[in-house]
There are 2 protein chains.
Amino acid sequence: MENKEKLLNAALSLFDEKGYQGVGIQEICNAVGVSKPTMYHYFGSKLGLLDSIFKTNLTEDIKYLEREASYNGDFVNSIQKLTFALSECTSKNPVLYHLLFSYILSSKKNEDSEVAQKYLNKIYEITLNLFIKSKEQNGNMNNRESQFTYSYLAVVVDYLNRHGMDENKEQGLYGLLHQFQFGINS
Amino acid sequence: MENKEKLLNAALSLFDEKGYQGVGIQEICNAVGVSKPTMYHYFGSKLGLLDSIFKTNLTEDIKYLEREASYNGDFVNSIQKLTFALSECTSKNPVLYHLLFSYILSSKKNEDSEVAQKYLNKIYEITLNLFIKSKEQNGNMNNRESQFTYSYLAVVVDYLNRHGMDENKEQGLYGLLHQFQFGINS
DNA sequence: AAAACAATATACCAGTCGGTATATTACTTG
DNA sequence: CAAGTAATATACCGACTGGTATATTGTTTT
């Protein structure tokens, strides 16, 4: 593995463990065994490093999620596909999604927050789009698609974050989706 | 207002805006117009300052939430009381709860995260207790109280965080609770 | 072969970090 | 009135911050 990839991996782990602001560039470089100018050569700045972490890891995932979340006429089936696609992504790269999702409730005015929100918004839009498309054909959501999107993501993200790489994740997800559709009284 | 309270208020605003790690002690003291030894005289350390912020603001709130969330034989009524109690607390001190809730998905190994988790756990326990007590008398939760607690808090916290001081917050909360009980298909 | 370039290191920059030693003032307690 | 204490400021500490000027090496392009 080349220094560029080593830096991306070490920075991801450290950012997730201690937070973006809690990690120094020197610390990242020490973990890899290179000097600071090497990091600046590849990424330009600390913020550029964070953005590269998200870009290199998420670009394909977002395309995949877009494909899986396209409404196919069956809302339950579509939301299931999106949910398991999200689950698969987090299983493949749990640390990345743990870092990304940690920014959901922050909304700080830090530069790192703004970078993360950029990618979080894409996931939000993909989900919202599914609810909107579904409404166009079923028309029973009473303009609550936005709230449904927030609730859905809040529950699913919380679950995925808590069950990182568990084996039985899928079983719990079926329960979660059932609960989302029919409530806890069933 | 005395310097101690000024420091607590300034630190709360700055921590929420930029994150604990993103704010220096000097910055907080400048905002108040005192010197660093004054801050250290009252709080001992930066972490002590954060803990004081939570302790002074949350101690009474937690007692209030405990009272409101005590199961009274009617689960729907109990969960409503807890929900509106949470809503009232966040309305009274939106910045504090915005800061506190921002730690939910983080679970970093930072010292500030550990302090925040201490208080978040109390809210979690209050909520879980309501679900458990409710089960003892209704017995229809199939050991899913823990998951219900997480889902409930995820949805409600997300909502409260997003609607900070909105006037029509209560109306949306009724919808949210209905959705939690009966799902989105109703 | 010469010039350009990519990748790297050493050594440095001013600024800030959390925290403290010391001194001063004012108030309280004996 | 004397001693202690609470509250504050100035000035400092070593360590670290993000970032860079400069130099060196090896490869690629002309």
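The sequence lines fix the lettering, A, B, ..., with proteins before strands; numbering per chain opens at 1. Please read all numbers here as calculations on a predicted model, not as lab measurements.
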By nearest-heavy-atom nucleotide on DNA chain D, the more 5' of A:Gly44 and B:Gln26 is B:Gln26
Are A:Asp112 and A:Lys46 within salt-bridge range, i.e. N to O under 4.0 Å?
no
Outermost DNA chain D nucleotides near chain B [under 4.0 Å, heavy atoms]:
D:dA6 to D:dT10
Counting the benzene-type ring for Trp, do A:Tyr119 and A:Tyr103 have ring centres under 6.0 Å apart?
no
Counting just side-chain N and O atoms, does A:Tyr42 come under 4.0 Å of either OP1 or OP2 of C:dA6?
no
Rounded to whole Å, the CD-P distance (B:Gln21 to C:dT16) equals 18 Å
Integer-rounded Å distance: C:dA7 P and A:Phe43 CZ:
11 Å
Protein-nucleotide distance (B:Lys36, atom NZ; C:dT20, atom P), rounded to Å
10 Å
Residue from A:Tyr150, A:Tyr152, A:Phe148 passing ring-ring contact (aromatic ring centres under 6.0 Å, His included) with A:Tyr124
A:Tyr150
Contact summary for A:Ala31 and A:Leu14, nearest pair of heavy atoms:
CB-CD1, 4.4 Å
Within one Ile-Leu-Val-Met-Phe-Trp-Tyr cluster: A:Tyr174 and A:Ile184, side-chain cutoff 4.5 Å
yes
Does a side-chain N or O of A:Asn3 approach OP1 or OP2 of C:dT8 to a distance below 4.0 Å, or not?
yes
Write down the distance between CG (B:Asn30) and P (C:dT16), rounded to a whole number of angstrom.
10 Å
Please state how far atom CD in B:Glu27 lies from atom P in C:dG15, giving the value in whole angstrom units.
17 Å
Does a distance-only test, which skips hydrogens and angles, find a donor-acceptor pair under 3.5 Å between the side chain of B:Lys46 and the base of C:dG18?
no
Side-chain N or O of A:His41 less than 4.0 angstrom from OP1 or OP2 on C:dT8?
no
What one should report as the nearest heavy-atom pair of B:Tyr159 and A:Gln147 is CD1-OE1, 3.5 Å
Can we call the ring centroids of B:Phe75 and B:Phe131 under 6.0 Å apart?
yes
DNA chain D: 5'-proximal contact among B:Pro37 and A:Pro37 (nearest heavy atom):
B:Pro37
